[in-house]
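Below, chain A is the first sequence line, B the second, and so on; all start at residue 1. Keep in mind that the numbers below use all heavy atoms, side chains included, and drop hydrogens, waters and symmetry copies.
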Amino acid sequence: MSAAKAKMREKKMRNQPASVQYPSGVNGEGGSQNRGHGSGGHPSSKERKKPEDTGWVRGHQRYGGGYSKEMPKYITGGAFARARAAEVKAMLRAVSQTACSSHVFQALPKHMRRRAMSHNTKRLPRRLRDVADRMREKSLQAGSKKKKEPAKSKSRKARRRHGNLLLDFNRRQRKNIWLETHIWHAKRFHMVKKWGYCLGDRPTYKCYRSCYRAMSSHCLLQDLSYYCCIELKGEEDELLAALSQMTSKEAGPTFAAALCLSGRRQVSVTIYRIGQYPCQPLGPVTVLWRPKTPGIRGRQLWIWAHPTLKQDLLPELQSVCRCWEAVPPSIDPEVLCGKEKSAPHPKPENILEAKLKPGAKRKRSSVDASEPPVKKILGDGTRLPGTTVTWKSSSTGIVINDLTMEIVRYRLIGPQSHSVLTEALEAATVCKEVDKSLGSTFWWPQHCSDESNMLLHQQQADVFHTLKGISSTTELPPGTVLGLTVDDPRLTLPTKKMKVLPCVSQAQEADEDKRKELILRGVPEQCCQSSLWEESVRDDVTENKIPEQALNRMKSEMLVPGSRLSPTPPQGRVPVLLVHQPGKQVGQEMSSWGAGWDLLLPKGWGMAFWIPLVYRGVRVAGLHMGLKHSHSKAAPIFPHDFPDCPAGIRFQEEQEAEFLDKFKRHPPAKRTNYIKHGCLAPFRCPWQQLAEEWEHLTRGGGDEPAEMSVAKPLSLFIVLRNRKSLRLLSGWCRPTTSTGRRLNRELLPLSQSAVTSFLSAHGMSLVWVRLSLLSKGRPELHSMVCVPTAEDLKLLGKHQDLQEPPHRDHFKSRIKPQKKSLKSDDPEPRSTPDSDLIFGLWPDPLPSVTSHCSRVTLGWTTQGDFSLCAGHGEALGFVSVPGLLNTLLKQAGEHRGTLLLRNPGSLHYRFAKVNVEV
Amino acid sequence: MVPHILSFARYLLCEVNVSDMNDLFLLNDQAVAAAVKAAVARIHGDYGAALCSIRFQVKYLNAHTGIVFLRFPKSCYKLLWSALPFITHINSRGQKIPCFLNCLHVGGTIRTCQKFLIRYNTQQLHRMLPKCKNEGEKQQIRQAILGCFIPGGNKEACEDDIECEEDEGE
């Protein structure tokens, strides 16, 4: 019996009378002589020591003489009566007092019990009321004694007051960065803390299919502001010389691609460590060059990278550009003067981080001058005030600037995203009044005063107008950039949420020509220029944003309610950049699916653009939908699908820990036994082992290759990104029967010699493949990609089940004795190596991953789901290049490229078609 | 949690009658239990002995008054009860105590037995009072009757509880 139980029982039995008898020990042996005298009359050890409980013993002791051995001299009823009386007293105590563990009403018979008796003592019979009251008081006291009362928080009303709310928000932003749309998202989304940010994962309402529909036919909006922007400034030659060390032409476009360099296109580039191609990749980034500006000599480019990539990328960039000279964060005079206007006590440490909305907390700061005024955090709230964000190089003149959270990035996915954009945004109205004395502090009137700027603005507005006429976003050349200055979109906010429909009407001749030009050539080079590139303009715009409150007041003061505010306030112009986002570029099917636009804004304007966009009937998605978008596009996602990048490795480890934790939360009997399913690594993919084993297998499998693998154990696997090789592989994967595709130009036919030469270059490589299931089935994460045997291929299309024979779990027996030894508390040395055994999982040194199952394993999938746009299950993953080539060699023409797919928790194999897409 | 089916029991409130009052002090619960078991085995054979080993227990024994609570399973208490009159002696501490058991009450719970016992004992005391021979004796019995009742009733006991709990808390 446990201690607590014993205590409970002791408490319960406290009022119950114990047996009254004499111990059989010392006194009892001596006969009855001693009994009844002095200590001899001491009751048994079961008796309690309290004097009032032992009433009869007392009585007995006093009159013990009456119970002597000899014949009594006189007979008295006293002793008899006392004994009875004592017993009655004990019994009374037992009967009248309830055990402490139960409530008073539990002593009542069932038919007298009432609802909520413990809450309201008046429901008890009157005779029990005072007892119950006392007990209740006691329990209340005990409760207050045990828990410290929580610090009295302010009332809800006080907490929701604007200033206090801001303080609270700022406190909560210290750990994780909040995007500007955080509050909006937090009300509607499941939020996750990832990569140092608070991000919306998926909405709380059901919208999987509607989001897909929006993606494929209308528009889906996602806040991508968490992507980090790194700005590089310097001479073009210097920049290119430095950056070319990190890329290779073989792996796709580089920083120097002509269209990209002119600033007309955004391209995606895979970055490697300096001079390490093809090993040690860092990850993909998107690159955007600023078009050549007449006044400025140097060039400027933005590198957009995933937050997990930034910590690897930034040191690499610094070393390649030799930028180690940290520039202390300077205080922009314009910012400062903006500050002094609004806040009487600007704290220097807050200037970079927190920009005050003008007039936000004037009352508070005037009342309590010692306290710093509450400011809304814009940008990175976690960064310390003195953190360096700018590095300069004295030798090359390159300046690296970390623009994380300085620029808001929204992604609109879907064929109608241009309609949404053209509906929500309006090219800025030109500032006519030349009232220099009044509006000179804002950038737009100054900008307007220059004639060339106005001309450019007119051109940009024309292009933007033409954009309205095109029928689908996919028609545009991928990566097109358009710079623009727009009016404050809050001015044209519709009163009701509406759905934007494409306008394909009034095709005039001139418009038609313009449209064709736009579709064919893209945006002309000069129109890609935007004031967003200028830091001073960005700061000015952020600083002088009209607060919501002021804007609403202006609206309410208008004569005709609901009409547009005119003239537009001078600070209501925002420079933006529109970047076309290419859709599916690889493969033949669903070409350019999921194209869209990225909208780049200066910070602080996030919500001002978000709400108008949402009011145009877009769907809003989170990270989850972003994954599905990439899945449908068959594009690898960073960091999920980059197992050779440092960020990808870190991600894999985190993912494994997360899955393992989830797995362990189930009791062993309710877990999937992955050993029995023949699944060696359900939570991670041992890519290195796979690549090594396949290399070993292809080298002949004799003694010599073993030596080879011993000789160079440090060669790491790489993911094949060489365009030429990928194209070759892609051609080999296709079935040879379809004659149209057979006629590939300059493609080597698949032969033993070609394969050998290919493998000599890419022996340790993995290749990114898309697997589309031929029959039913929904592939999952970490499904195994296997090679079908010749007999399996005969079953293809015959609706017969292919199954893996169940494996035996040899570790089960080793787990059980371990448990026993744990119980008996003797740590045996034998059981220590087994201590990390988890039921249902293979312990660490895995056996051969390729030949563990009845079908040879080629690789694993890293994404897998039922694809709504393909109509069947689709999986994306990596397979070993030598394995794939060997399989293809053995397969006959019509079945070429048919592989098997098996989920980690299942024994069924499904046929799938492999595609290498370039 | 005890299975519910087992918790059905009958409690027999018996009085051990001895010829010599001092013999009562020799009694203990094991001795009584052994005597009951022996009697049942003698009367009802192996079957009885087996029944007796199921849930039979001496719940309470007062060596001053000779009151015994016996717990029998409800399913067979009548059979076991029928053997009780055949107890003629109890072997306790190496001595043979001649006695017989007189069943006063059969209850479903200990609580009812306790209530009965209170009534029975007070009745006894009240009967004794008019039969007293002298004043001293009368006085003693009167005191005993008054002493039966817990002064202050429930209230004091509850306060006592609180004190106890506070002790435990520290």
Side-chain angles (χ1 to χ4, degrees), chain A residues 7 11 14-24 28-29 31-32 35-36 41 43-44 50 52 55-57 59-60 63 66-69 72 74-98 100 130-131 134-135 138 141-142 145-146, chain B residues 21-30 58-65 67-69 92-94 110-111 113-115 117-122 124-125 128-129 131-133 136-150 153-155 157-162 164-165 168-169:
Chain A
K7 204 173 162 188
K11 213 170 164 188
R14 192 165 55 181
N15 290 323
Q16 294 296 324
S19 299
V20 182
Q21 54 195 339
Y22 293 96
S24 54
E29 282 310 313
S32 52
R35 266 184 275 131
S44 72
K50 293 214 167 187
E52 71 262 26
W56 54 58
V57 176
H60 167 68
Y63 297 93
Y67 285 91
S68 57
K69 184 89 181 181
Y74 52 91
I75 293 172
T76 169
F80 183 85
R82 287 217 172 249
R84 296 292 179 287
E87 194 176 52
V88 166
K89 197 174 171 183
M91 290 295 157
L92 258 181
R93 193 187 160 94
V95 168
S96 61
Q97 285 182 14
T98 52
C100 286
D130 52 341
V131 186
R134 227 174 292 128
M135 271 189 75
K138 200 175 74 183
Q141 275 175 6
K145 215 195 292 173
K146 265 171 201 162
Chain B
M21 287 294 274
N22 286 325
D23 286 346
L24 273 182
F25 297 124
L26 295 172
L27 286 180
N28 60 8
D29 44 4
Q30 288 102 350
V58 177
K59 290 300 276 189
Y60 172 81
L61 169 73
N62 194 336
H64 294 285
T65 55
I67 297 294
V68 187
F69 287 0
S92 180
R93 308 184 195 199
I110 292 186
R111 205 176 155 84
C113 291
Q114 285 170 341
K115 280 178 179 167
L117 187 60
I118 293 164
R119 212 169 61 234
Y120 177 76
N121 277 344
T122 39
Q124 293 251 317
L125 291 177
M128 270 174 76
L129 195 60
K131 290 180 188 166
C132 283
K133 299 275 167 47
E137 207 178 334
K138 214 168 205 171
Q139 195 61 36
Q140 279 177 10
I141 291 166
R142 225 173 253 142
Q143 265 182 3
I145 291 171
L146 288 175
C148 281
F149 304 101
I150 303 164
N154 282 333
K155 200 169 182 178
C158 277
E159 278 159 13
D160 180 43
D161 279 353
I162 293 165
C164 285
E165 277 182 6
E168 282 162 17

A side-chain contact here means heavy atoms from C-beta on lying under 4.5 Å apart; do Tyr60(B) and Met91(A) qualify? yes
With a 4.5 angstrom heavy-atom cut-off, could you sort out which part of [X] is near chain A: side chain, backbone, both or neither?
X	result
Leu61(B)	both
Tyr120(B)	neither
Lys59(B)	backbone

Euclidean distance, Leu125(B) CG relative to Arg82(A) CZ, rounded to 0.5 Å: 11.0 Å
One should read off an interatomic distance between Leu117(B) CG and Arg84(A) CZ, to the nearest 0.5 angstrom, of 9.0 Å
Search all heavy atoms of Ala85(A) against all heavy atoms of Ala144(B) and return the closest pair with its distance.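 Closest pair (atom of Ala85(A), atom of Ala144(B), distance): CB-O, 3.3 Å.
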Among Gln140(B), His64(B), Met128(B), which residue meets the side chain to side chain contact (heavy atoms under 4.5 Å, CB included) test with Phe80(A)? Met128(B)
Given the options Thr65(B), Leu27(B), Leu24(B), which has more heavy-atom pairs under 4.5 Å with chain A than any of the others? Thr65(B)
So which of Asn121(B), Val58(B), Val68(B) has the biggest tally of heavy-atom pairs under 4.5 Å with chain A?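 Most heavy-atom pairs within the cutoff with chain A belong to Asn121(B).
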